[in-house]
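Taking it in order: structure first as C-alpha cells, then the write-up.
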Amino acid sequence: MDWQGQKLSELLMQVMLVGFAILAFVVGYSMGSFQTMLLVYAGGVTLTTLVTVPNWPFFNRHPLKWLEPIEAERHPKPQQAAPAPSKKKPSKTHQK
C-alpha cells in the first residue's frame, strides 16, 4: 500500500465507523433495542475492516519509485556524528 493509499484507507475507516455509529444509534433508538444497535455497529465494524485492511488495488495507485541497487550504492546514507562529550561539572560528593 502506498502513502496515498494509506491516507485513503485511514479516511475511509474514519468516515465508515462514524457513519455506522450514527446509523446504529438511529436504528437502535427507533426500534428501542440496545442489542440491535450493537449488532448493526458490529456489522459496520466488520464491513469497515473488510474494506480498509486488505491491500486492495485501489490503494496502490501511486507506487513508489525505488532506486536501482547500483544507484543506491552511489548515494550512501549519511553517517551520524559521534556524540559530543558531556560538559558536566564534576560533582562534589567527596569532601573532607
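Sequential numbering from 1 along the given sequence is applied to the chain's residues.
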For this session: Tell me whether Leu47 is reachable from Leu17 by hopping between hydrophobic residues (I, L, V, M, F, W, Y) whose side-chain heavy atoms are closer than 4.5 Å.
Result: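 Result: yes, single cluster for both.
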Problem set entry | Under 3.5 Å: donor-acceptor pair, side chain of Thr52, backbone of Ser9 |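 A pair under 3.5 Å: no.
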For this session: Could you check if a side-chain atom of Tyr41 sits within less than 4.5 angstrom of a side-chain atom of Leu23, using non-hydrogen atoms only?
Result: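 They are not in side-chain contact.
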For this session: Could you go through the side-chain hydrogen bond (donor to acceptor under 3.5 Å, both in side chains) check for Gln14 and Glu10 one step at a time?
Result: CA-CA 6 Å; Gln14 291 177 357; Glu10 177 79 17; 3.0 Å; yes
Problem set entry | Spatial distance of atom OG1 (Thr49) from atom CE (Met16) [nearest 0.5 Å] |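 Reported to 0.5 Å precision, the distance equals 9.0 Å.
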Identify each donor-acceptor pair in which a side-chain atom of residues 31-38 lies under 3.5 Å from a protein atom, sequence neighbours left out, and give them as a table.
{"residue": "Ser33", "atom": "OG", "partner": "Thr36", "partner atom": "N", "Å": "3.1"}
{"residue": "Ser33", "atom": "OG", "partner": "Thr36", "partner atom": "OG1", "Å": "2.9"}

N/O donor to acceptor pairs below 3.5 angstrom from side-chain atoms of residues 55-62, sequence neighbours left out:
{"residue": "Asn55", "atom": "OD1", "partner": "Asn60", "partner atom": "ND2", "Å": "3.1"}
{"residue": "Trp56", "atom": "NE1", "partner": "Leu50", "partner atom": "O", "Å": "3.2"}
{"residue": "Trp56", "atom": "NE1", "partner": "Val51", "partner atom": "O", "Å": "3.2"}
{"residue": "Asn60", "atom": "OD1", "partner": "Met1", "partner atom": "N", "Å": "3.3"}

Exercise. Which pair of heavy atoms, one from Asp2 and one from Pro63, lies closest together, and at what distance?
Worked result: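 Closest pair (atom of Asp2, atom of Pro63, distance): OD2-N, 3.8 Å.
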Exercise. Could you give all pairs that pass the ring-ring contact (aromatic ring centres under 6.0 Å, His included) test and reach residues 6-27, with sequence neighbours left out?
Worked result: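 Of all non-adjacent pairs touching residues 6-27, those that pass ring-ring contact (aromatic ring centres under 6.0 Å, His included) are Phe25-Tyr29.
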